[in-house]
Amino acid sequence: MSKFKRHLITAALPYANGPVHVGHLAGCYLPADIYVRYLRSKGEDVKFICGSDEHGVPITIKAKKEGITPQQVVDKYHGMMDASFKEFGISFDIYSRTSKKIHHETAAGFFKTLYDKGVFTEEVTEQYYDEKANQFLADRYITGTCPKCNNENAYGDQCEKCGSSLSPTELINPKSTLSGEKPVLKKTKNWFLPLDKMQPQISAYIESHKDWKSNVYGQCKSWLDQKLQPRAMTRDLDWGVKVPLKDAEGKVLYVWFDAPIGYISATKELLGDDWKKYWQDKESRLIHFIGKDNIVFHCIIFPAMLMAHGEYITPDNVPANEFLNLEGDKISTSRNWAVWLHEYLEEFKGKQDVLRYALCANAPEAKDNDFTWKDFQARNNNELVAILGNFVNRTLVLSEKYYGGKVPQADEYNKNDLYLLEELKKFPDKISASLDAFRLREALSELMNLARAGNKYLADNEPWKIAASDEKRVRSVMNISLQVCASLSVLMEPFLPFSAAKLGGMLNLKGLRWRDAERTDLLKAGHQLGTASLLYDKIEDEVIEAQVNKLHESKKMNATPSSILPQKAETSFDDFSKMDIRVGTILEAERVPKTDKLLKLKIDTGIDQRTVVSGIAADYKPEEIIGQKVAILVNLAPRKIKGIESQGMILMAENAEGKLAFVSPTRDINNGGLIK
RNA sequence: UGCGGGGUAGAGCAGCGGUAGCUCGUUGGGCUCAUAACCCAAAGGUCGUAGGUUCGAUCCCUACCCCCGCUACCA
C-alpha cells in the first residue's frame, strides 16, 4: 500500500555524557519505537537504527573533570543507555556507537569522497594554541575576561554570566584550561561545507516537503531565508574521527558531520552489504525522529552532505518533537532536574507501559509540554486502569465465570452487536491514519476509544443481568466482548508492548498482524483462554508524593555546591582602591524599550545626578525601586547601551538562580558616602 | 531584537470560513460483572487583545500582548 518498499527509521543518537531521561523518551525514542512497531505489525520491511554519539568537546571536558579518559566516560553511559532502552522496550534493530571502528571508517570514507569530489572549501584561520599541552584549543577550553561584562570566567564561545556569545579572540587575558598558560594564535586549516553554494538545491528539497510538521518546516524556512553560511566540518581536537587527509594531523571531523553518518555505519554493522538498499535505493524511505534542537542538522546539513555525496537518498520526513518540561521547569542534566529512565525502571518495576502511555498521551508534538507526576498518576489510574484494564478484566472474569475460560459461540447478532462490530472494523484504519501522519497522541486516544466502546457495550447489554434468563444472548455478548479484547491486543502493541504481550497470553493468542485487528472472529468458539490477571495496578498518592519529593530534594542538593564560583585571582589593595564606590539613591526608573532586562535609572550619587543603565528588569519593576539606596561604582568609564550612555554601574548581589538583589547600607548613609 | 513554534472550558489538547469539540477533572443520577472500577446526564469557553476582509471568522489579513526555543542585549 505504501509507495516505499522498505523503511529506515532512525532516532537521534543520544549524546553519551549522561543517562536517558523522560525528555529524551518523549522527544524521539518513544515516538520512533511506536512508529516502528506499527510498521512491523503491518508486515513492512523496516529497520530501526540508533546508537550513542560519543564524540565532541563536552565529553572530553567531562572526562577531564572526573579524571578519567573520554573512552571511560562513553563506555559508562553507552552501557547505561543501551540497557535502559532495552528494558523500556525501545526495539532498536541495532544500538551501536560512534566510537566503533566501522563508524570511523565509514565517516572518514564519506569525508574522503566529498573531498575527492572537490566539495569542500579550505580556509586557514587563526586559532588559539596551547604550546604547553601541544594542541589547538576548542572554544570551551579557553577562559578569560568577558569583554562585555568583565566576568573573569567567560568561556571562549560564551560568557555564562552575561550570556553573550563570544569568539575566543575577543576574550581579554585568554587562558587555556588545560595548562593555565596563555595560548598563542596559530594558523590552522579547516574544511568547510559550502552550504551557501548549495542553497538552491537545499531550498528545492525543503520546498518539496511542505507536508512536514509546521515546527520543522518553519525552522528550515527560517534558516534558508537567512541565507546559509559555509560550515566547518573539521575541528582541531584529538577526540573523534580523524580527518583522513595527509595535512590534517591533529584534526577530527566535526561531531555534526560524524554523528548522522553514525546512522549509516550502524546500518552497515547490522546488515552487512545489504545496507545500501536502505540508503541508496529510491524505493527506500528514510525517516529521522529527533527533538527540536536537531532540526537544522537533520533537515539541512545532513541532507546537504547526502546530496553532495550523490549516491544517497534524502530524509523523507523528520517528525521532530518539541521539548518536555518537568513539573514546570526545564529538564536539566547538570541540575539533576530529570526523571531518569534507569531509576524509573528500578522504582516502577514492570510499569514500562505506564510511562510509555503517559509520555505518548502528553507528547510535545506541537509545543513544549509539561510532565508532572500527578498527570502520570491520573493517566494510570483514570485511563489505563479504569478504561483499558477494566474492560479487559471484566470481560475475562465473566468469561471465566460463565464458561470456564472457553470462548462461547455467538448466535444471532442484534442491532447493538452489529453496530459495535462495524465500529471495531474501522479502528485499524483510523489508528493507521493518525500514525501515518505522525499524530501519535491522536492515535493513542483512538485506541482508548475502542476500549471505551467495549465498556459501553457491556454496560448497555448487561450480560450479568440476563445470565440466568437468556443464555444464548449472553454467549453472543461475551463472544463479541472477547473479540474486542483480541483486537485491542493487536492495536495496542506499538504503544503498550508489554501489556499487549500480557493480554495476548490471557487470550492465548499470538502472531497477529495489524490487519487482523479488523476481524471479528479472531477467537473461535471453544478456544481456551489463558489465566486472567490485572493489566495495570492503581498507583497510590504516597508513591507519587515520594517521587515529587525526591525531585525537589535533588534540586536543593544541586543548587548549592556547584554554583559557588571559585575565588578569583588575588588582587592588590591599590587596585581595589582605584574603584570609587558610593552610596546613591534611585530617583527615576523606566524600562528601556524593546529589551527584556534593561532599566534606565537616574541616580543621585551625592556628586551629581546621572543616568545608569542596569540589567535588573527581570527582578525589579521600575516603580518599586524609586528611593532605593544602592551601591554605585561611579568612576567606571561610560558606555553606550541601546543608545543610552550609562555612567556607572550599580552593584548587585546574585544568588544561585541568578536572582539579583541591591547592595545597600544597613543604616542611613547620605548619598555620596564612600564604600570602602 | 530578529526568526520559528504556541496562546481554544479547572488541566491537557483537537478544530482552522457556516451559531465551539475530545480526554481527564467537577456536579447530579444509574448500575453492581469489574481494580470505590463501569454507564448516563449536567455545569463550565465573549476560541490572547484591537482593528480589517467577508453575507458570515476561533479559522483569512494587519498591529499589538503573553509563553517556549534559537539569537541579541543584560555597566
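Scope of the values below: all heavy atoms of this structure, side chains included, with no hydrogens, waters or symmetry mates. Note on naming: letters A, B, ... go to the chains in the order of the sequence lines (proteins, then strands), and numbering restarts at 1 for each one.
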Value for CG (A:Leu458) from OG (A:Ser481), rounded to nearest 0.5 Å, stands at 4.0 Å
Rounded to the nearest 0.5 Å, the CG atom of A:Leu444 sits from the CG atom of A:Asn362 at a distance of 11.0 Å
The residue among A:Tyr35, A:Phe438, A:Phe302 that forms ring-ring contact (aromatic ring centres under 6.0 Å, His included) with A:His288 is A:Phe302
Between [M] and [N], how far apart are the [atom1] atoms? Round to whole Å, please.
N	M	atom1	answer
B:A20	B:G12	P	23 Å
B:G48	B:C67	C1'	11 Å
B:A42	B:G52	C1'	39 Å
B:A36	B:G15	C1'	36 Å
B:A43	B:G21	P	13 Å
B:G10	B:C73	C1'	38 Å
B:U46	B:U8	C1'	12 Å
B:A9	B:G5	C1'	24 Å

In whole angstrom, give the distance that lies between atom [atom1] of [X] and atom [atom2] of [N].
X	N	atom1	atom2	answer
A:Met478	B:A34	CE	C1'	11 Å
A:Met448	B:C24	CE	P	9 Å
A:Arg394	B:A37	CZ	P	13 Å
A:Asn325	B:G6	CG	C1'	13 Å
A:Trp212	B:G5	CH2	P	15 Å
A:Asp375	B:G25	CG	P	12 Å
A:Asp368	B:C68	CG	P	9 Å
A:Leu396	B:C38	CG	C1'	16 Å

The correct set of residues in residues 456-469 of chain A placing a heavy atom under 4.0 Å from RNA chain B is A:Lys456, A:Ala459, A:Trp464, A:Lys465
Residues of residues 349-358 of chain A with a heavy atom under 4.0 Å from any atom of RNA chain B, listed by number, are none
Under the rule of Watson-Crick or G-U wobble with both distances under 3.5 Å, where | means paired to another strand and [ ] a crossing pair, RNA chain B maps to .(((((((.[[[[.)..(..]]]].(((((.......))))).....[[[[[..)....]]]]])))))).....
Of A:Ala386 and A:Ser445, the one whose nearest nucleotide on RNA chain B sits closer to the 5' end is A:Ser445
Residue pair A:Glu322/A:Lys292 against RNA chain B: nearer the 5' end by closest nucleotide is A:Glu322
How would you list, by chain and number, every residue that makes a salt bridge (charged side-chain N to carboxylate O under 4.0 Å, His left out) with [X], sequence neighbours excluded?
X	answer
A:Glu462	A:Lys465
A:Glu365	none
A:Lys415	none

Testing B:C33, B:A34, B:C39 for proximity to the side chain of A:Asn455, the answer is B:C39
Quick note, A:Ile387 side chain, CB onward, closest among B:G4, B:C24, B:G12 is B:C24
Between A:Arg379 and A:Leu384, is the side chain to side chain contact (heavy atoms under 4.5 Å, CB included) condition met? List the steps. CA-CA 7 Å; A:Arg379 297 274 180 201; A:Leu384 287 178; over 6 Å; no
So the side-chain hydrogen bond (donor to acceptor under 3.5 Å, both in side chains) pairs with at least one residue in residues 443-458 of chain A (sequence neighbours excluded) are A:Arg394-A:Asn455, A:Asp417-A:Tyr457, A:Asn449-A:Arg452, A:Lys456-A:Asp460
Self-check item: Side-chain donor-acceptor pair present, A:Gln352, A:Tyr357, cut-off under 3.5 Å
Solution: no
Side chains of A:Asp608 and A:Thr605: is there a donor and an acceptor less than 3.5 Å apart? yes
Practice prompt. Please examine the side chains of A:Gln199 and A:Leu224, heavy atoms only from C-beta on, and report whether any two atoms are closer than 4.5 Å.
Written response: yes
Notebook entry, point to check: Hey, are the side chains of A:Met448 and A:Leu388 touching, using non-hydrogen atoms and a 4.5 Å cut-off?
Noted result: yes
Residues passing the side chain to side chain contact (heavy atoms under 4.5 Å, CB included) test with A:Phe297, sequence neighbours excluded, are A:Arg231, A:Tyr254, A:Trp256, A:Ile301
Heavy atoms only, 4.0 Å cut-off, all strands: where does [X] land among base, sugar-phosphate and nothing?
X	answer
A:Phe391	nothing
A:Arg439	nothing
A:Leu535	base
A:Ser214	sugar-phosphate
A:Glu383	sugar-phosphate

A:Trp223 meets the ring-ring contact (aromatic ring centres under 6.0 Å, His included) criterion, sequence neighbours left out, with none
Each nucleotide N or O in nucleotides 7-11 of chain B that has a protein N or O under 3.5 Å away: list the pair and distance.
none

Return a table of donor-acceptor pairs under 3.5 angstrom between the side chains of residues 318-325 of chain A and protein atoms on other chains or two or more places apart.
residue, atom, partner, partner atom, Å
A:Asn321, OD1, A:Lys213, NZ, 3.2
A:Asn321, ND2, A:Ala26, O, 3.0
A:Asn321, ND2, A:Gly27, O, 3.3
A:Glu322, OE1, A:Lys292, NZ, 3.1
A:Glu322, OE2, A:Asn215, ND2, 2.8

It should be established whether A:Asn382 places a side-chain nitrogen or oxygen under 4.0 Å from OP1 or OP2 of nucleotide B:G25.
yes
Only pairs under 3.5 Å count here: list side-chain donor-acceptor contacts from residues 535-543 of chain A, not counting sequence neighbours, and write none if there are none.
residue, atom, partner, partner atom, Å
A:Tyr536, OH, A:Ser499, OG, 2.7
A:Asp541, OD1, A:Gln377, NE2, 2.7

